[in-house]
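Structure record follows, encoded as structure tokens.
The chain is numbered in sequence order, starting from 1. Read the numbers this way: they start at 1 and go in the same order the structure lists the ligands and their atoms. Side chains included, hydrogens not; waters and symmetry mates left out as well; all remaining heavy atoms used.
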Amino acid sequence: MKIQAINGFKDILPETAIRWRYIEECARDIFERFGMREIRLPILESTELFVRSIGEATDVVEKEMYTFADKGLTMRPEATASIMRAFIEHGLHVQRPVQRLYTIGPMFRHERPQKGRLRQFHQLDAEIIGAVEPQIDAELIAMGQMLLDTLKIKTSLEINSLGCPVCRPPYKQRLVSYLKQVSGQLCDDCRRRTHTNPLRVLDCKKSTCKAVVAAAPSLLEALCPECDQHFLAVRRSLEMLAIPYSINRFMVRGLDYYSRTTFEFLTNDLGAQAAVGAGGRYDGLIEELGGPKLSGIGFAMGLERIALLMEQQAEEQLPVESMDVFVATLGEKSLTACTQLTHELRRQGVKTAIDYSGRSLKAQLKQASRVQARYTLIIGDDELERQQGILRNMSTQEQDLFDLSGSHSRQAERLAAVLQESCCQGSPSTISRNP
Ligand code: HAM
């Protein structure tokens with residue numbers, strides 16, 4: 001039997017990996033401009049952590065977690081809970097009253113795989129812990145928007161407020177009594193959710209439920225004055241930063257820890273998977289997990305979804321994966337000298353390719369084109385004797401003599417200088433010199 005990757009778990013091949021790296025580099029750059037610092041966390045956590053934070057009556061906890069039941073451990077389905085666990089465990093609030101943290105890595109949910117939905121997927125997750133001001137909500141949303149803009153991905157932004165422990169429970173009661181009246185028109189899932197997690201009925205995707213929900217009481221109209229003020233201030237701040245948004249009063253999110261502001265970056269270009277990124281405030285979560293009474297807000301974006309959208313929407317903007325130089329050898333002595341020179345070039349930061357199989361020059365030049373080498377340095381036994389190699393510019397086909405006198409280290413320095421100079425004259429640079 002042929003062994004293959006399991007359903008919903010994907011290999012990231014080199015052509016895709018370069019796109020992912022570009023996305024990750026942009027994310028790190030932008031997040032760090034906002035004072036975010038990276039945190040790296042384990043993949044396996046106590047099941048209890050996710051049950052208590054995400055909520056027992058959520059799809060994620062009820063049916064999607066990869067759990068080792070006998071050990072009480074779960075492969076993380078998201079990063080927020082793990083960041084809060086680490087925040088509390090290491091008393092990070094003592095170090096800095098406001099912590100800005102981000103993490104990038106794989107998450108696991110046993111969902112039905114389809115385009116943009118996997119069982120192992122990857123998130124860029126950012127959290128600001130310890131700040132209550134509504135400007136923080138807008139700043140975080142603006143950071144997400146800046147990343148998407150930088151990657152040239154078009155999305156729309158929807159926001160909502162889910163209230164707090166003061167205004168949500170009475171609203172929930174009103175919603176439940178409304179849902180009971182119309183239960184005959186709801187799908188089976190929503191009839192069940194009416195009793196387990198009534199807010200989830202508000203974002204059921206079935207058209208019959210949507211019609212019923214359109215007439216349901218609105219949480220936005222039931223917010224307490226503090227939550228109402230907070231939401232208003234978030235909206236004003238977004239307007240001040242010129243971030244376009246619309247309000248979706250039916251957005252409830254699939255995780256139970258949210259309070260007040262929630263938001264989603266949405267697209268129509270990924271079929272059923274509308275959300276590219278999503279997040280919100282979770283003011284009671286840290287305390288609920290046994291930590292100090294601190295609020296927090298964050299979001300996560302799906303790397304697979306961003307990469308798919310970049311392929312579909314954005315013009316090609318990735319750096320070309322190329323080598324700086326291909327070293328072509330001809331003869332026994334040349335092979336030894338070129339092997340040493342290649343190692344020295346790589347030590348000095350030059351991306352260098354070489355072929356050891358003793359193939360013809362024509363075959364080696366073909367290979368140099370395949371690896372997109374900018375230059376080929378041809379050194380046969382004769383060139384070695386004369387101490388003059390041939391440096392061929394692969395795009396113009398022009399050839400120059402290259403001085404092979406001195407140590408390999410000196411030769412590598414001279415070649416690196418030539419490459420550096422040609423970069424400055426407009427060819428794309430990949431050289432990073434290591435002294
Ligand atoms: P979430 O809405 O469950 O939120 O996921 C955030 C993003 O992860 C989604 O918008 C999507 O891009 C991606 N995603 C989720 N599930 C999958 C999947 N099965 N396949 C591919 N991509 C997926 C959270 O996870 C929260 N922890 C976000 C957050 C951070 N809230 C506050 N802080």
Side-chain angles (χ1 to χ4, degrees), residues 7-10 12 20 23 27 31 36 39 41 45 49-50 53-55 58-61 63-66 75-85 87 99-129 131 136-137 140-141 143-144 147-148 151 153 155-160 162 200 203 251-267 269-286 295-310:
N7 196 15
F9 290 69
K10 254 186 146 176
I12 315 299
W20 279 45
I23 298 168
F31 291 176
M36 295 255 158
I39 181 166
L41 303 154
E45 298 269 7
L49 171 66
F50 302 115
S53 54
I54 297 172
T58 55
D59 284 355
V60 173
V61 170
K63 25 186 197 201
E64 294 169 2
M65 295 207 303
Y66 282 91
M75 287 162 76
R76 61 180 184 191
E78 55 112 53
T80 312
S82 306
I83 294 186
M84 296 314 126
R85 196 260 317 131
F87 175 85
Q99 283 281 353
R100 292 168 173 249
L101 302 169
Y102 77 87
T103 196
I104 301 177
M107 311 292 152
F108 304 84
R109 293 185 196 175
H110 191 267
E111 295 188 82
R112 202 161 43 80
Q114 50 179 247
K115 183 178 177 186
R117 190 164 75 195
L118 289 125
R119 291 179 171 170
Q120 176 177 335
F121 59 99
H122 299 73
Q123 284 186 342
L124 307 163
D125 184 287
E127 315 283 346
I128 303 181
I129 310 161
I136 292 285
D137 306 31
L140 190 86
I141 295 172
M143 183 176 85
L147 176 59
L148 294 168
L151 297 170
I153 290 174
T155 50
S156 57
L157 169 66
E158 290 185 354
I159 64 168
N160 193 22
L162 291 183
R200 287 296 291 169
D203 78 346
M251 183 209 301
V252 293
R253 310 277 304 115
L255 314 160
D256 274 359
Y257 48 61
Y258 291 113
S259 57
R260 293 193 169 170
T261 319
T262 52
F263 55 95
E264 292 183 339
F265 295 102
L266 301 164
T267 177
D269 293 347
L270 285 180
Q273 307 315 311
V276 183
R281 216 164 235 296
Y282 42 84
D283 288 347
L285 176 60
I286 299 167
S295 30
I297 181 164
F299 69 73
M301 290 188 179
L303 250 162
E304 285 79 2
R305 294 189 189 174
I306 292 180
L308 274 172
L309 282 176
M310 271 180 79

With rounding to the nearest 0.5 Å, note down the distance linking CD1 in Ile286 to CZ in Arg85.
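If we round to the nearest 0.5 Å, Ile286:CD1 and Arg85:CZ are 13.5 Å apart.
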Tell me which protein heavy atom sits closest to [atom], plus the residue, atom name and distance to 0.1 Å.
atom: atom 27 (N) of ligand 1; value: Glu78 OE1, 2.5 Å
atom: atom 24 (C) of ligand 1; value: Leu255 CD1, 3.6 Å
atom: atom 7 (C) of ligand 1; value: Ala300 O, 3.6 Å
atom: atom 21 (C) of ligand 1; value: Gly116 O, 3.2 Å
atom: atom 4 (O) of ligand 1; value: Arg253 NH2, 3.0 Å
atom: atom 32 (C) of ligand 1; value: Gly298 O, 3.2 Å
atom: atom 11 (C) of ligand 1; value: Arg305 NH1, 3.4 Å
atom: atom 13 (C) of ligand 1; value: Gly302 CA, 3.7 Å

Would you say the side chain of [Y] lies within less than 4.5 Å of the side chain of [X], judging by non-hydrogen atoms?
X: Ile159; Y: Asp137; answer: no
X: Tyr258; Y: Val252; answer: no
X: Met107; Y: Asp125; answer: no
X: Tyr282; Y: Glu127; answer: yes
X: Trp20; Y: Leu303; answer: yes
X: Met251; Y: Asp203; answer: no

Is it the side chain, the backbone, both or neither of [X] that has a heavy atom closer than 4.0 Å to ligand 1?
X: Phe265; answer: neither
X: Arg117; answer: both
X: Ile297; answer: neither
X: Arg119; answer: neither

Among the heavy atoms of [X], does any lie under 4.0 Å from an atom of ligand 1?
X: Tyr257; result: yes
X: His122; result: no
X: Gly277; result: yes

Pull out every atom of ligand 1 sitting under 4.0 Å from any heavy atom of [X], numbered as shown with elements.
X: Tyr258; answer: 26 (C), 28 (C), 29 (C), 31 (N), 32 (C)
X: Glu127; answer: 30 (C), 32 (C), 33 (N)
X: Glu111; answer: 16 (N), 18 (C), 19 (N)
X: Asp125; answer: 30 (C)
X: Val276; answer: 10 (O), 12 (O)
X: Ala275; answer: 10 (O), 11 (C), 12 (O)

Under 4.0 Å between a side-chain nitrogen and a carboxylate oxygen: does that hold for Glu264 and Arg253?
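Salt bridge present between Glu264 and Arg253.
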Check each of Gln123, Met107, Arg109 against atom 6 (C) of ligand 1 and report the one with the nearest heavy atom.
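Considering heavy atoms of Gln123, Met107, Arg109, the nearest to atom 6 (C) of ligand 1 sits in Gln123.
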Counting heavy atoms only, which of Tyr282, Phe263, Phe121 is nearest atom 16 (N) of ligand 1?
Phe121
Take Leu157 and Phe263 through the test side chain to side chain contact (heavy atoms under 4.5 Å, CB included) and record every step on the way to the result.
CA-CA 7 Å; Leu157 169 66; Phe263 55 95; 4.1 Å; yes
Test log, rule side chain to side chain contact (heavy atoms under 4.5 Å, CB included), inputs Glu304 and Lys10:
CA-CA 10 Å; Glu304 285 79 2; Lys10 254 186 146 176; over 6 Å; no
So, applying side chain to side chain contact (heavy atoms under 4.5 Å, CB included) with Leu270, which one of Lys115, Arg117, Gln114 is it?
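Result for side chain to side chain contact (heavy atoms under 4.5 Å, CB included) with Leu270: Lys115.
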Which pair of non-hydrogen atoms, one from Ala275 and one from Arg305, has the smallest distance, and what is that distance?
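Closest heavy-atom pair between Ala275 and Arg305: O-NH1, 2.8 Å.
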Could you walk me through whether Met84 and Tyr257 pass the side chain to side chain contact (heavy atoms under 4.5 Å, CB included) check?
CA-CA 12 Å; Met84 296 314 126; Tyr257 48 61; over 6 Å; no
